[in-house]
Amino acid sequence: MAFAAHSKRITLSLQLPGGPLPSDGDAGHTHQILTNYISNALKYSPPETRTTISVRAKDRYWRVEVQDQGPGILPGEREHLFVEYASISSKPTGGEPSTGLGLSIVKSLAEAQEGRVGADFPDSGGSVFWLELPASRPGAG
């Protein structure tokens, strides 16, 4: 993702907890989810902005958030975000293609791992797309 960020002069910021992130989730599925989220953040953000990826514990889950400084999503379109072929009025800022399938795939991959996904829209603008995956339980497995 570094090349895409560099080409639009978008700063990527990573905020991780100090220790390991034990989860029983599927690494390949999680990678695909995060790649989609980060790719979308870069795709819909204007040049010379910041995308922040953060991870923190939340209850019995690890919560990963990808926050951008793009235009956000209109309130009437938010309920369609994780639906196949959903169309929103926000358009990529660099002419990148969009199929409308990425977020529905993200949702399926998260649910296959007993995880959940969603998005928040701060009053200050932008979007925060999140993934929550169950943290490993001591003695599980």
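The structure presented is a predicted model; accordingly, all values stated were derived computationally and were not measured.
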Under 3.5 Å, is there a donor-acceptor pair between the side chain of Ser104 and the main chain of Phe82? no

For Arg63, check side chain to side chain donor-acceptor pair (under 3.5 Å) against everything at least two apart and list the hits. Glu65, Asp120, Glu132

Residues passing the side-chain contact (heavy atoms from CB on, under 4.5 Å) test with Gln15, sequence neighbours excluded, are Ser13, Thr52, Ser54

Nearest 0.5 angstrom please: Arg56 CZ to Trp130 CH2, how far? 10.5 Å

Does any N or O in the side chain of Asp59 come within less than 3.5 Å of the main-chain N or O of Tyr61, such that one atom is a donor and the other an acceptor? no

Just by modelled atom types, is the Thr49 backbone N or O under 3.5 Å from a matching donor or acceptor in the Lys8 side chain? no

Report the distance from atom CD1 of Ile10 to atom CG of Leu42, rounding to the nearest 0.5 Å. 5.0 Å

State whether a side-chain donor-acceptor pair under 3.5 Å links Thr51 with Asp68. no

Cluster overlap Val128 with Ile53, hydrophobic side-chain contacts below 4.5 Å: no

For Gln69, does its backbone N or O pair with a side-chain atom of Arg50 as donor and acceptor, under 3.5 Å? no

Output for pair (Thr30 OG1, Leu133 CG), nearest 0.5 Å, gives 4.5 Å

State, yes or no, whether a side-chain contact exists between Val117 and Tyr37 at a heavy-atom distance under 4.5 Å. yes

Side-chain heavy atoms under 4.5 angstrom apart, residues restricted to Ile, Leu, Val, Met, Phe, Trp, Tyr: same cluster for Leu12 and Phe3? no

Would you call Trp62 and Leu131 a side-chain contact if the rule is heavy atoms closer than 4.5 Å? no

